[in-house]
Amino acid sequence: MSKKTILTGIRPTGNLHVGHLFGAVGNWVKLQDEYETFIEIADVQALTDNFQDPDKVRRNVKEMTLDLLAAGIDPAKAHIFIQSAVPEIAELTVFYSNLVTMARLYRNPTVKTEIAQKKSVFGNQGESVTYGFVGYPISQAADITALEGELVPVGEDQLPLIEQCREIVRKFNHIYGPTLKEPEPLLSETPRIKGLDGQEKMGKSLGNALYLNDTPEVVAEKIKKVITDPSKIKKDDPANPDICMVYYYHKLMQTDHLATVREECEQGKRGCVACKKELIETINQYLEPFRKRRAYYEQHEEEVEKILIEGTKAARKRAQEVLKQVKKSMKIDYFD
Ligand code: TRP
Ligand code: SF4
């Protein structure tokens with residue numbers, strides 16, 4: 001039996017952080033062994049709300065590729081491709097846009113939340129939401145169906161986008177005859193990682209992330225600033241590790257003497273400076289293999305380019321087949 005296809009994507013707007021490694025991207029690394037995996041660098045989607053900043057998107061396509069490879073995506077197993085280099089996706093987006101009402105787009109909870117966030121950041125300018133941005137769920141449906149994605153590994157926040165894709169597929173097949181595959185979400189069970197400031201989510205926009213490509217010095221600086229139990233003033237004050245972010249990351253990193261850390265903290269036998277120093281070492285050790293792989297690919301640019309070219313070729317081959325069927329079903333296959 002042939003492997004099921006997984007299609008997932010990520011917007012190139014910044015570097016991968018530890019939250020990604022423990023979450024979505026770490027999950028893809030595991031899934032690539034079991035499934036035919038396509039990972040899209042969603043530059044067209046990134047441009048929907050970064051269209052004024054093409055340099056940023058361009059730079060991050062490269063950064064994201066390096067980060068994905070560093071994270072353990074294996075080009076021998078998974079295809080990494082650039083969305084804009086598969087123009088069939090853009091064509092499908094146009095065809096699908098007839099099948100989605102404006103009301104339905106505005107009701108999409110993911111889009112709604114994102115618009116609300118923009119309003120809170122940009123004030124009234126947030127009102128100037130573009131057609132392209134509101135329509136990105138349609139383009140994401142094109143991503144998924146172009147690659148015949150059967151499973152889409154996503155976090156909770158992306159579920160409404162998969163649901164919207166499923167609706168488009170059903171409507172398309174109903175009107176034009178059975179053509180497209182209906183995808184299913186593959187929810188990852190990985191919990192959210194808290195940010196350095198203790199916020200529930202680690203995120204680029206929140207400014208509280210540890211990045212895969214942070215140098216050991218940057219890691220040290222960031223950890224030194226992490227909030228500990230605020231009631232602990234002196235080195236030998238007893239404290240509560242459960243309200244300390246340093247302890248939280250010790251736990252996340254599965255520090256082998258975690259029980260000792262807790263005990264010593266509770267009994268006032270452990271100073272925060274020493275405790276942080278240990279954590280800095282643990283995190284740097286954890287990041288080391290990622291840094292090594294990243295350094296390798298940074299020094300082998302032609303290899304990275306080849307990976308993208310091959311990945312995109314494989315993606316395009318599938319997308320062209322799908323588009324051909326779609327045009328046939330829609331009776332616009334004039335010159336095929
Ligand atoms: N919307 C996703 C995000 O913001 C990225 C993405 C683009 C995606 N195309 C996709 C995810 C297709 C799953 C399937 O993270
Ligand atoms: Fe946190 Fe360690 Fe200080 Fe305890 S000793 S409060 S765990 S940093």
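Remember, it's 1-based here, ligands and their atoms both numbered in the order they're listed.
Remark: R104 CZ is packed, more than 12 non-hydrogen atoms of other residues, nucleotides or ligands lying under 6.0 Å away.
Cation-pi geometry between R11 and Y136 is met: the NZ or CZ atom falls under 6.0 Å from the ring centre, inside 45° of the normal.
Using modelled atom types and a 3.5 Å distance limit, the side chains of Y35 and E150 yield no donor-acceptor pair. Inspection of the N240 and D229 side chains reveals no N or O donor paired with an N or O acceptor under 3.5 Å. Side-chain contact check for D74 and Q32: no donor-acceptor pair (N or O, by modelled atom type) lies under 3.5 Å.
Near V152, the atoms of ligand 1 lying under 4.0 angstrom from a non-hydrogen atom of the residue are 13 (C), 14 (C).
Closest non-hydrogen pair, F22 versus M253, comes out as CE1-CE, 4.1 Å.
Remark: minimum distance from atom 9 (N) of ligand 1 to any protein heavy atom is reached at D143 OD2, 2.8 Å. Looking at atom 7 (C) of ligand 1, its nearest protein heavy atom turns out to be Q45 NE2, 3.3 Å. Among all protein heavy atoms, the one lying closest to atom 5 (C) of ligand 1 is G9 O, 3.4 Å. The nearest heavy-atom contact from the protein to atom 4 (O) of ligand 1 is R11 NE, 3.1 Å. Looking only at heavy atoms of the protein, atom 15 (O) of ligand 1 is closest to Q158 NE2, 4.1 Å.
Under the side-chain contact (heavy atoms from CB on, under 4.5 Å) criterion, N60 pairs with P12, K56, E63, sequence neighbours left out.
For atom 4 (Fe) of ligand 2, the count of nearby protein N/O/S atoms, taking only those under 2.8 Å, is 1.
Using a cut-off of 4.0 Å between Lys/Arg side-chain N and Asp/Glu carboxylate O, E264 and K235 are scored as not salt-bridged.
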Are Q158 and Q140 close enough, and set up right, to give a side chain to side chain donor-acceptor pair (under 3.5 Å), and what steps lead you there? CA-CA 11 Å; Q158 292 278 310; Q140 188 156 323; 3.2 Å; yes
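Contacts of E40 with ligand 1, taken as heavy-atom pairs under 4.0 Å, involve the side chain alone.
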